[in-house]
Amino acid sequence: MVFAKEDVNYSLYLVTDSTMLPPGTTLYSQVEAGLKNGVTLVQIREKDTETGSFIEEALDVQKICKKYNVPLIINDRIDVAMAIDADGVHVGQQDMPIPMVRKLLGPSKIIGWSVGKPSEVETLAKWGPDMVDYIGVGTLFPTLTKKNPKKSPMGPQGAIAVLDALEEYKASWCRTVGIGGLHPDNIQRVISQCVATNGKRSLDGISLVSDIMAAPDACAATVRLREMIDRTKYQFVDCELNESFPTAVSIKSVISQVSSNRPLVQHVTNKVHQNFGANVTLALGSSPIMSEIQSEVSELARIPNASLLLNTGSVAPIEMLKAAINAYNEVNRPITFDPVGYSATETRLCLNNNLLTYGQFACIKGNSSEILFLAKLNNDKMKGVDAGSGKNDDALLARATQIVAFKYKTIAVCTGEHDFIADGTFGGECKLSSGTAGVTAEGLPCVMIENGSIPIMGDITASGCSLGSTIASFVGGLDPTGNLFDAVVGAVLLYKTAGKLASTRCQGSGSFHVQLIDALYQLFHENKPEKWSASLKKFN
Ligand SMILES: Nc1ncnc2c1ncn2[C@@H]1O[C@H](COP(=O)(O)OP(=O)(O)O)[C@@H](O)[C@H]1O
Ligand SMILES: Cc1ncsc1CCOP(=O)(O)O
Ligand SMILES: [Mg+2]
């Protein structure tokens with residue numbers, strides 16, 4: 001049977017592994033359970049099996065695949081693929097060179113190649129459309145399936161770089177499957193985040209091993225995976241993700257929701273910010289808990305209207321930070337991420353990039369240096385945690401905010417004399433292959449908030465961190481019908497207005513802290529956004 005290459009469905013790609021079969025199951029029962037319930041492509045990968053046994057297994061798996069009209073790909077073993085007339089092979093960078101594989105298999109067979117970096121895409125593009133039909137993009141996340149992996153996991157940002165290379169080198173024929181550590185808790189985030197920068201393509205499929213091969217009930221496991229992959233909405237928070245332009249009325253509604261829901265705001269934050277952040281949270285009718293206790297984070301995340309502020313100013317143990325991300329992502333409760341001093345040291349850069357790869361954030365906020373660096377628009381190391389003194393123009397800052405929002409499919413906030421907020425959530429819409437239908441970062445809703453210069457706001461510590469507390473309170477206090485963009489914009493607008501008010505009342509930076517809390521308290525409880533002094537305008 002020859003499959004027309006354009007008809008191959010890469011969406012749910014099962015790679016076999018007989019070393020993880022649960023009791024009472026066989027390689028064949030697991031493969032058939034997968035095929036019955038939505039697996040669209042099978043790769044038999046048996047690294048430790050003798051050739052004779054491998055051929056027998058491959059012939060039996062082939063019979064099952066033919067029953068379901070699904071192509072069978074052989075991992076690595078070109079000889080076995082030829083011996084049984086399989087539908088194709090998948091080879092790694094260290095295996096037989098692709099041109100030789102193509103020469104042996106002929107033009108009609110499917111050839112897959114493991115690709116981990118853009119330079120390998122450049123190579124396949126040079127070979128042209130007759131060589132590689134699809135690439136396995138990975139290893140995305142740490143995995144036990146691949147023994148002694150040669151490269152560290154690339155994460156969604158690494159996959160985006162590969163997708164960008166396919167666009168850059170015009171390898172439009174080449175399909176892509178994500179591979180490595182993919183599981184129900186990250187599949188939708190991967191489909192949502194792994195989009196080429198030009199918005200024109202996303203991954204064509206998800207490749208899985210253990211979630212089916214090691215499943216006691218492989219049928220149910222496959223049904224669940226199929227449903228997740230076919231879902232075109234990644235609802236990562238319990239609120240509305242639709243793009244809308246905030247108004248005084250919608251912000252007033254946000255504050256009413258926060259006031260009545262009194263969100264629990266868990267702060268994992270730096271020592272400098274702790275006390276001030278707790279008092280800002282209380283001033284906003286919310287309930288702070290400053291906790292880095294790993295064993296309680298799941299319990300806290302399940303409290304109604306729980307919200308997490310993850311501030312890496314002075315760092316909690318990475319295990320605790322990841323446990324917190326998992327806990328809140330698992331129950332669709334919002335996480336506000338503040339990568340303080342993002343590029344100040346290698347340690348911070350590595351830690352923050354690790355966390356950005358590990359979870360989904362409702363909001364990522366930072367000062368101009370942090371956001372410019374995240375957007376790769378400024379590679380200067382930060383000196384400490386404060387924004388650089390250089391004056392950046394609004395257009396550059398707005399673009400950086402949009403790029404961060406797009407890269408992480410989040411609401412991005414860039415603070416400074418002018419604050420910028422961009423909505424990269426696409427309302428949660430995400431699809432295999434089609435990317436964002438060509439919408440790019442520049443096309444994202446973006447607003448600018450200003451209230452004139454308030455230099456004293458930059459003269460106190462934890463002023464940005466406490467904007468994080470404000471955002472976390474607002475997004476945490478939303479009803480399920482509330483709107484995430486309205487909440488973040490409302491928080492930033494309130495905070496800017498309060499800063500201005502406090503600056504007119506204080507005697508210096510010491511009393512400014514106190515006046516800022518007073519102003520936040522008064523403005524929040526008054527809830528008259530139409531009277532606030534800070535202005536809001538669309539930036540695109
Ligand atoms: N010169 C300024 N004029 C007006 N607002 C400012 C100014 N500097 C900072 N802010 C405000 O102070 C808060 C902290 O911003 P920033 O200093 O950029 O963050 P960080 O404290 O994280 O470095 C934000 O709400 C921002 O809008
Ligand atoms: C001084 C300092 N050191 C580590 S975190 C921190 C506070 C940073 O607060 P902000 O980001 O609001 O300026
Ligand atoms: Mg900061």
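Indexing begins at 1, ligand by ligand and atom by atom, following the structure's order. Keep in mind that this is a model prediction, so the values were computed, not measured. Numbers here are sequence positions counted from 1.
Using a non-hydrogen distance threshold of 4.0 Å, Gly366 does not register as a contact of ligand 1.
With sequence neighbours left out, Leu432 forms a side chain to side chain contact (heavy atoms under 4.5 Å, CB included) with Ser11, Ile191, Ile229. Annotation: side chain to side chain contact (heavy atoms under 4.5 Å, CB included) contacts of Thr247 (sequence neighbours excluded): Val249, Ser250. Considering only residues two or more places apart in sequence or on other chains, Lys528 meets the salt bridge (Lys or Arg N to Asp or Glu O under 4.0 Å) condition with none of them.
Of all protein heavy atoms, the one lying nearest to atom 11 (C) of ligand 1 is Met457 SD, 3.7 Å. Closest to atom 5 (N) of ligand 1, if we only count protein heavy atoms, is Lys496 NZ, 2.9 Å. Among protein heavy atoms, the minimum distance from atom 21 (O) of ligand 1 is reached at Gly464 N, 3.1 Å. Protein heavy atom closest to atom 25 (O) of ligand 1, with residue, atom name and distance, is Tyr495 CD2, 3.3 Å. With hydrogens left out, the protein atom closest to atom 24 (C) of ligand 1 is Thr415 CB, 3.9 Å, a heavy atom. Summary of contacts: the protein heavy atom closest to atom 14 (C) of ligand 1 is Ser463 OG, 3.4 Å. Ranking the protein heavy atoms by distance from atom 23 (O) of ligand 1 puts Asn367 ND2, 3.0 Å first. The shortest contact between atom 3 (N) of ligand 1 and any protein heavy atom is with Ile454 N, 2.9 Å.
Lys538 forms a cation-pi arrangement with Phe245, by the criterion of a distance under 6.0 Å to the ring centre and an angle within 45° of the ring axis.
In the candidate list Pro455, Gly458, Gly416, Gly416 is nearest to atom 6 (C) of ligand 1, counting heavy atoms.
At a cut-off of 3.5 Å, with distance as the only test, no side-chain donor of Asn367 or Thr415 sits close to an acceptor on the other residue. Counted by atom type alone, Thr312 and Asn352 present one or more donor-acceptor pairs between their side chains at under 3.5 Å. No side-chain donor from either of Asn186 and Tyr358 sits under 3.5 Å from a side-chain acceptor of the other.
Applying the 6.0 Å contact sphere to NZ of Lys407 captures more than 12 heavy atoms from other residues, nucleotides or ligands. Residue-environment remark: CD (Glu530) exceeds the threshold of 12 foreign heavy atoms within 6.0 Å. Around atom CD of Gln235, more than 12 heavy atoms belonging to other residues, nucleotides or ligands sit under 6.0 Å away.
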Close N/O pairs between ligand 2 and protein, under 3.5 Å:
{"residue": "ligand 2", "atom": "9 (O)", "partner": "Ala462", "partner atom": "N", "Å": "3.3"}
{"residue": "ligand 2", "atom": "12 (O)", "partner": "Ala462", "partner atom": "N", "Å": "3.4"}
{"residue": "ligand 2", "atom": "12 (O)", "partner": "Ser463", "partner atom": "N", "Å": "3.2"}
{"residue": "ligand 2", "atom": "12 (O)", "partner": "Gly464", "partner atom": "N", "Å": "2.8"}
{"residue": "ligand 2", "atom": "12 (O)", "partner": "Cys465", "partner atom": "N", "Å": "2.6"}

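Using a 4.0 Å cut-off between charged nitrogen and carboxylate oxygen, Lys500 and Glu450 do not count as a salt-bridge pair. Under 4.0 Å is where a charged nitrogen must lie from a carboxylate oxygen, and between Glu442 and Arg399 at least one such pair does.
Every N/O-N/O distance between Glu370 and ligand 1 stays at or above 3.5 Å. The shortest N or O to N or O distance between Asp419 and ligand 1 is under 3.5 Å.
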